[in-house]
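Heads up: the structure comes next, in structure tokens.
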Amino acid sequence: MTPAGFEQDTQAGANPDAARIGRKAVSLAILSLLAVALALTAALLVFAAYQYRSQVIAEAENRSIAIARLLEEHAAKTLSMHAAALSQMEWMVDDLGWDRIDNSPLLHERLKAMASLPVEVQSYWIIDENGRIRASSFEWPMRPLDAYDREYFRALASPGVKPGDAIHIGPRLSGKMRSEIFFTISRRMELPDHRFQGVAQISLRPGYFADFYRTVLHGSHDVILLMREDGEVLVRNPLSAPPDRIDIGHFPELITAPEKDGVFRAVTPLDGVERMMTRRKIPNLPIYVLYGTDVASIEKAWRDRVLPYALFAIPAFGLLCVLGGIALRRSRQAAAAQEALRRANAALEGRIAERTRHLDQALADKEMLLRDIHHRVKNNLQVILSLLELQAQRAPELEAPFSEALTRINTMGLIHEQIYRSTGISAVRLDNFVDALAGHLNSFHSRPGRTIVIRHRVEPLSLDLNRVVPFALILNEVVSNAFKHAFADRCSGTIAIAVTAENGSLHLTVEDDGTGASEPEAALVPDRRSMGMDLIRAFTRQIHGEYHFTREGGTRFDLVFPQQDGDAA
């Protein structure tokens, strides 16, 4: 196997691995791009979901805080108004005294009139220091009843009550005179010396508060609580229990739970639902209002907002996967087609390289053959030249006619020698050839006692084989005629040869400083019919040129012909 064949086989064996690596790189690039696109889409969806979640939670918090403030204002106005009414009841007791209260219906009428105005008030009560009910808005005269067992009485009758604790909010109770649910707001009455004088108490209907709370509920699963500071629930909406039930919840953990800006999360014990709670304390009263927003409803609102984006993102994911699969398949097909094209190009390049190698070898063989032919022709011309010289030596009368033929034959031999010695065989360097021809002619025409110098200035030009022979023979004839006729009666002289190129033409100039022929019939006269002139005319026509002679102190020959062969063009 040749080295070229071995190299091709090696490349063919390595290329499949390179192709597989290339296909793998393309596949990895497409998969990476697909992964980035999917990750970016997912990141945008997650970011939007996070933003909407924060937005929904913030909206729910702001809504809960606003509702809780509304509930706080309602409870504060309602309870503060009744706290002021308790102060008026204490003044009435101070004005009337217990005796007049027992013997006159005046206080009863006043209490009854006061109770008929606010819808949230069930009744008014005045209890003395012993727990006996002395007056109410229900009846007069008052039947024997006592409130000693009521929490509000025991709390306010305690000697340790501070001035700030003079208002007490009681739990839900069922009336002794009417079986109706109520809760109490009561005030400790004192004598001027701060001794306990009794309790002024107002019974409030929880239903009033429940009706109002129902109007401000935002969600069906939201809850509103009105609670004492010990966690006892006074009003709850929705109630989720019979309306005549006294105990509707005791959740101190909702009062003590840590908060942030009044908001906290807790599982409400009343139904086990996780809610976002907002807690507000009623100023100057031991009571709280709480508003709870169902966390599940917040999550649902968030999902409802994110759902359109999710519905868009899911098809986008699918479309990206489909497009990625198509791109991956197309890239693999393109890689396979590229690999097939590369193999075809490699095979074509191999065939071209092999064909070029054969052509180079054939061209080298041809050049070697032609060079050998020129060498043999040159040798044959040298043999012919030697034979003619021997013949001239045997017949002295033939020496003069043979001399011109010998120079012409030698000139042709020089041409073949230049072709043999040159790197190419299609053209001859004129500067090298003129230098060799000048040396040969100077040596051939040299005579003892005469010195003729040939100077030449030739540009480094090349001339094709079709025209170099006519050019060389023209130059040979002109220079030989100069040697023979221009210096017939002189011992020294100069012949100048110049070859230049200008505007696509070659210009040959041969000029001597001799005297030339003495008669018009001499060989240098252009109109005279001689073999040399006939050769000059014939070879000039062959190369499509023009020539002329000029005689001014010497003889000058000018030849102009195209640089490129017109037939070849």
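As the structure is a computational prediction, the values presented were derived from the model and not from experiment.
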Report task. Verify whether one side chain among Arg275 and Thr293 offers a donor that lies under 3.5 Å from an acceptor in the other. Result -> no

### Message
Can you confirm whether Ile224 sits close enough to Leu290 that some side-chain heavy atom of one is under 4.5 Å from a side-chain heavy atom of the other?
### Response
no

Sequence neighbours excluded, the answer for salt bridge (Lys or Arg N to Asp or Glu O under 4.0 Å) partners of Glu61 is none

| request: Would you please test Glu339 and Arg343 for salt bridge (charged side-chain N to carboxylate O under 4.0 Å, His left out) and show each step? | output: CA-CA 6 Å; Glu339 176 62 18; Arg343 290 180 180 176; 3.0 Å; yes

**Message:** Does this structure show an ion pair linking Glu73 with Arg280, if we count only N-O contacts that are shorter than 4.0 Å?
**Reply:** no

Across all chains, not counting sequence neighbours, the side-chain hydrogen bond (donor to acceptor under 3.5 Å, both in side chains) partners of Arg457 are none

So, Ser492 and Thr451: side-chain donor and acceptor under 3.5 Å apart, yes or no? no

Original post:
Are there more than 12 heavy atoms of other residues, nucleotides or ligands under 6.0 Å from atom NE2 of His218?
Top reply: no

Practice item. Before accepting this row, confirm whether a basic side-chain N of the pair Arg69/Glu72 lies closer than 4.0 Å to the acidic partner's carboxylate O. Key: no

*asked:* With a 4.5 Å cut-off on side-chain heavy atoms, are Ile452 and Phe487 touching?
replied: yes

Exercise. How about His74: does its NE2 atom have over 12 heavy atoms from other parts shown lying under 6.0 Å from it?
Worked result: yes

inquiry  = Under a plain distance cut-off of 3.5 Å, with no hydrogens placed, do Asp222 and Tyr291 share a side-chain donor-acceptor pair?
reply    = yes

| Within a reach of under 6.0 Å around CD of Glu502, are more than 12 heavy atoms found that belong to other residues, nucleotides or ligands? | no

Between the CG atom in Leu71 and the OG1 atom in Thr278, the distance rounded to the nearest 0.5 Å is 10.0 Å

Would you mind checking if Glu354 and Arg351 are paired as a salt bridge, meaning a charged N to carboxylate O distance below 4.0 Å?
no

The complete set of salt bridge (charged side-chain N to carboxylate O under 4.0 Å, His left out) pairs with one or both residues in residues 35-57, sequence neighbours excluded, reads Arg53-Glu299

